[in-house]
Amino acid sequence: KAEVLDVLTLEGQKVFQKSLSLVDRQNRKFVANEEIDRERPFVFVDDTITSGGTAQAAYEALDFPDRFEVWTLVSKPRRGTQ
């Protein structure tokens, strides 16, 4: 049975990610709102993947769960990559 859980909160000041540099986006941190069962499968949903920094921060905040997938609507490759 799938559930939508609100288990992560973005740490620090909330600003539009678009206004942040790539380095600042990659350095943002999430904190877990509750105790995490690392054996539970997680699907992290993001509207756009640019650097992967947000998904990586979520993975770390969830204490590196055994099963972690990233689903996105749009993947925007970095300049110079295809």
Side-chain angles (χ1 to χ4, degrees):
K1 177 183 172 188
E3 299 177 64
V4 175
L5 303 173
D6 186 15
V7 296
L8 298 175
T9 299
L10 193 54
E11 185 177 72
Q13 185 179 13
K14 294 187 178 186
V15 296
F16 288 108
Q17 187 150 307
K18 188 174 186 176
S19 67
L20 298 174
S21 71
L22 178 62
V23 171
D24 289 336
R25 283 190 303 239
Q26 290 174 331
N27 290 327
R28 296 187 89 181
K29 302 287 184 219
F30 285 101
V31 291
N33 299 331
E34 59 189 63
E35 187 69 27
I36 303 299
D37 176 3
R38 290 185 62 253
E39 294 180 8
R40 177 184 203 143
F42 283 91
V43 176
F44 180 77
V45 180
D46 199 354
D47 59 343
T48 303
I49 299 289
T50 305
S51 68
T54 303
Q56 180 66 35
Y59 180 66
E60 292 170 9
L62 293 168
D63 195 25
F64 308 95
D66 297 333
R67 295 186 291 168
F68 183 84
E69 293 182 25
V70 178
W71 293 4
T72 185
L73 299 174
V74 177
S75 177
K76 181 180 176 186
R78 294 183 192 173
R79 291 182 194 169
T81 63
Q82 296 298 326

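Values below: every heavy atom of this structure, side chains too, minus hydrogens, waters and symmetry copies. Residue indices begin at 1 and follow the sequence shown.
- Between the CD1 atom in I49 and the CG atom in L73 there is a gap of 10.0 Å [rounded to 0.5 Å].
- A donor-acceptor pair shorter than 3.5 Å can be found between the side chains of N33 and T9.
- At least one side-chain heavy atom of F30 sits under 4.5 Å from a side-chain heavy atom of T54.
- Closest heavy-atom contact between A61 and A32: O-CB, 3.9 Å.
- The two residues L8 and A58 make their nearest non-hydrogen contact at CD1-CB, 3.6 Å.
- Applying the ring-ring contact (aromatic ring centres under 6.0 Å, His included) definition to pairs two or more places apart or across chains, those involving residues 39-68 are Y59-F64, Y59-F68.
- R38 contributes atom CZ, which lies 12.0 Å from atom CZ of R67 (distance to the nearest 0.5 angstrom).
- Minimum heavy-atom separation, D66 to E39: OD2-CG, 3.8 Å.
- Residue E34 qualifies as enclosed at atom CD: its count of foreign heavy atoms under 6.0 Å is above 12.
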